[in-house]
Amino acid sequence: MKGLELTLAIIKPNATKLPHAVQGIRNRIISSGFYVVRTKDVHLSMNEAQQFYIEHKQKFFYDRLTSFLSSGNIHVHILAGTNAIQMWRQLLGPTKVYQAKVENPTSIRALYGVTDTRNAAHGSDSLLESIDSAAKIGIVCPHIFQATIIVQGTYNGKYTRVII
Ligand SMILES: Nc1ncnc2c1ncn2[C@@H]1O[C@H](COP(=O)(O)OP(=O)(O)OP(=O)(O)O)[C@@H](O)[C@H]1O
């Protein structure tokens, strides 16, 4: 069996303000078979948001993006699953909301995104990026994230998988 992978999924401020969006995104996480390893609600400062998206520092939308990310609560989830990084990004849909609506109308960004910046949710594009981002947000220390253990097996006839 292929091992589980971890990713960082963040519901952004435009979506956390809307209970139906939060519920809809949570339902997609559960129905897609992800294990939710850890969850934290955070309100990032402007400085923390700038660090989070530091790779985009030179982009024209950097100020808009970091102001937005620090404008309200975000819900941060560490998800585990087979091909979790790719699976979650697939559920998100394209970065740009108009493109998401055309190419993947049932995706999270198509349903709950508002603009190219306020596009409802984030997904890491690599394990290293998710570890780095998780540490920046303070959801977990890097060494704990790397030491996550998956235990699986059958006990008393019942198949169980646990993430420690
Ligand atoms: N052209 C744009 N105009 C405004 N905001 C943008 C634009 N392109 C990207 N963004 C914002 O910057 C974020 C990071 O962009 P990136 O290119 O890394 O896309 P992504 O990997 O799909 O997004 P994320 O990192 O949030 O999962 C996007 O999620 C979006 O909020």
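Note that ligands are numbered from 1 as they come in the structure, with each ligand's atoms numbered from 1 the same way. Both backbone and side-chain heavy atoms feed into the values below; hydrogens, waters and symmetry mates do not. FYI, the numbering just counts along the sequence from 1.
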Does any N or O in the side chain of W88 come within less than 3.5 Å of the main-chain N or O of H122, such that one atom is a donor and the other an acceptor?
yes

Exam field: side chain E5 to backbone G81, donor-acceptor pair closer than 3.5 Å
no

Hey, are H75 and T16 close enough side-chain-wise for a donor-acceptor pair under 3.5 Å?
no

Look only at the side chain of N14 and the backbone of A121, and say whether a donor-acceptor pair between them is shorter than 3.5 Å.
no

Side-chain hydrophobic cluster, 4.5 Å single linkage: members besides Y98
none

For a quick check: using heavy atoms under 4.0 Å, what are the residues in contact with ligand 1, sorted by chain and number?
K12, Y53, H56, F60, F61, R64, L65, R89, T95, K96, R109, D116, T117, N119, H122, G123

Is it true that N119 and K12 share a donor-acceptor pair across their side chains at a distance under 3.5 Å?
yes

